[in-house]
Amino acid sequence: MIAAAGTSSRMGKPKQLLPWGKTHLLGHCLITVHTLEGVNSVTVLGAHFDQISERIADLPTTILHHQQWEQGLGSSISFGIQYIRNHYATVGGVLILLADQPLLTKEFLTELIDRFEPGNEGIVATRYPDGHLGVPALFDVCYFDALSQLSQDRGAKSLIRAHPEKVDVVEGTHHVVDLDTEEDYLRWYRANHQS
């Protein structure tokens, strides 16, 4: 599940559609996810829904419109989880990603998936360079109740912190950068694209 419902207020424009490679940030994320085996992609949109959904209509994902996106990331995750519960009866877990982490690779996400054991009540989370744990993270289906109750801007990190004994950690030092400002985006864009 890709959480991409935010308004990108600090960016001043829809961050999901900023150029990256031959596409845009969200498109790049979806193309990477599509390379994974046995994964169904669900994308939660909210702000700028018409503009963004039009740009990803040809990509392999189920597009959801979260009309209460202003309630924050937690509510977007909750919305997506409720859809998954209703439409994927045999799902063993959910991988939660954000659209603004363009350095994620197929290999890194595959490592997360390979560490995951369905039915074992596990969580596989990414360790950030600052030591914090977060998404991308894979949650066993047993956490769907808790994920579906997230609200406001409290995301999945709270669930990771609540169950440290269940968490397997993958080092994300070279794979997780958040593009929260235009300066962040431009710095990482220049570092990853030849002029």
Side-chain angles (χ1 to χ4, degrees), residues 1-4 6 15-45 55-56 58-63 73 76-77 80-81 84 88 90-141 143 147 155-157 159-161 163-164 166-180 184-195:
M1 177 176 64
I2 298 97
K15 176 167 47 173
Q16 301 91 327
L17 299 180
L18 290 173
W20 194 271
K22 295 179 179 179
T23 178
H24 40 74
L25 286 175
L26 180 53
H28 177 75
C29 178
L30 289 170
I31 290 166
T32 302
V33 168
H34 186 57
T35 65
L36 304 173
E37 293 183 17
V39 172
N40 292 305
S41 169
V42 173
T43 301
V44 180
L45 299 180
R55 296 282 300 277
I56 65 170
D58 295 334
L59 293 172
T61 190
T62 298
I63 301 170
L73 176 60
S76 293
I77 292 173
I81 289 293
I84 291 168
Y88 297 98
T90 60
V91 68
V94 62
L95 174 63
I96 298 175
L97 305 98
L98 303 176
D100 64 348
Q101 297 181 322
L103 302 190
L104 296 176
T105 62
K106 174 186 178 181
E107 292 73 23
F108 180 76
L109 296 176
T110 298
E111 183 176 359
L112 285 172
I113 293 168
D114 287 347
R115 295 270 196 98
F116 180 67
E117 297 180 36
N120 203 30
E121 299 184 4
I123 300 171
V124 184
T126 300
R127 191 192 315 274
Y128 283 55
D130 65 4
H132 288 89
L133 301 181
V135 298
L138 220 166
F139 294 86
D140 187 86
V141 67
Y143 298 103
L147 288 167
K157 289 181 184 179
L159 202 55
I160 294 170
R161 285 195 296 267
H163 302 279
K166 297 290 188 179
V167 179
D168 189 6
V169 176
V170 176
E171 297 295 336
T173 307
H174 304 294
H175 300 280
V176 286
V177 295
D178 286 325
L179 308 182
D180 291 326
D184 293 336
Y185 164 71
L186 290 172
R187 182 172 72 252
W188 286 106
Y189 184 91
R190 292 180 188 125
N192 288 275
H193 296 80
Q194 299 296 325
S195 57

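Here, residue 1 is the first one in the sequence, and each next residue gets the next number. Fair warning: this is a prediction, and the values are worked out from it, not measured in the lab. The figures here come from the full heavy-atom set of this structure, side chains too, leaving out hydrogens, waters and symmetry mates.
- Side-chain contact between L18 and K15 is present, with at least one heavy-atom pair separated by less than 4.5 Å.
- Looking at heavy atoms from C-beta onward, L109 lies out of side-chain contact with H175 at the 4.5 angstrom threshold.
- Between I96 and I77 the shortest side-chain heavy-atom distance falls below 4.5 Å.
- Nearest heavy-atom pair, S41 versus T61, reported as atom, atom and distance to 0.1 Å: OG-OG1, 2.7 Å.
- Closest non-hydrogen pair, M1 versus I84, comes out as CB-CD1, 4.2 Å.
- Residues I56 and L26 have side chains in contact (heavy-atom distance under 4.5 Å, counting atoms from C-beta outward).
- Dense packing is recorded around CD of E171, with more than 12 heavy atoms of other residues, nucleotides or ligands lying under 6.0 Å away.
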Next item on the list: Output, in order, the C-alpha distance, side-chain angles, deciding distance and verdict of side-chain contact (heavy atoms from CB on, under 4.5 Å) for L97 and V33.
Entry: CA-CA 10 Å; L97 305 98; V33 168; 4.2 Å; yes

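- Considering all non-hydrogen atoms of both residues, L36 and V39 come closest at CB-CG2, 3.8 Å.
- Between the NZ atom in K106 and the OG1 atom in T32 there is a gap of 10.5 Å [rounded to 0.5 Å].
- Checked for salt-bridge contact, K166 and D140 miss the test: no charged N lies under 4.0 Å from a carboxylate O.
- Across all non-hydrogen atoms, the minimal contact from I160 to A125 is CD1-CB, 3.9 Å.
- Put simply, the side chain of R127 never gets that close to the backbone of H132: no donor and acceptor are under 3.5 Å apart.
- Not one N or O on the side chain of Y189 forms a donor-acceptor pair closer than 3.5 Å with the backbone of P19.
- Summarising the geometry of R115 relative to V169, their closest heavy-atom pair is NH1-O, 2.9 Å, with the distance given to 0.1 Å.
- Relative ring orientation between H28 and W20 is described as tilted, the plane-to-plane angle lying within the 30° to 60° band.
- Side-chain atoms of E121 never come within 3.5 Å of backbone atoms of V141 as a donor-acceptor pair (strictly under, hydrogens ignored).
- In this structure, the side chains of V42 and Y88 come closer than 4.5 Å at one or more pairs of heavy atoms.
- Heavy atoms only, all atoms of each residue included: K157 and L133 are closest at CG-O, 3.6 Å.
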Margin query: Run the side-chain contact (heavy atoms from CB on, under 4.5 Å) test on V177 and D184 for me, step by step, so that the C-alpha distance in whole Å, both residues' side-chain angles and the decisive distance to 0.1 Å come before the verdict.
Written below: CA-CA 9 Å; V177 295; D184 293 336; over 6 Å; no

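- Using a 30° and 60° split on the angle between ring planes, F139 and Y143 fall in the perpendicular class, above 60°.
- Between N40 and V91 the shortest side-chain heavy-atom distance does not fall below 4.5 Å.
- Within the 4.5 Å cutoff, no side-chain heavy atoms of L25 are placed close to those of L17.
- Counting only heavy atoms from C-beta outward, the side chains of Y128 and V135 approach each other to under 4.5 Å.
- The number of heavy-atom neighbours closer than 6.0 Å to CG of D58, taken from other residues, nucleotides and ligands shown, is 12 or below.
- In this structure, T126 contributes its side chain and P136 its backbone to a donor-acceptor pair below 3.5 Å.
- A side-chain donor-acceptor contact under 3.5 Å links Q16 to the backbone of A4.
- With hydrogens and angles disregarded, no donor-acceptor distance shorter than 3.5 Å links the side chain of N120 to the backbone of G122.
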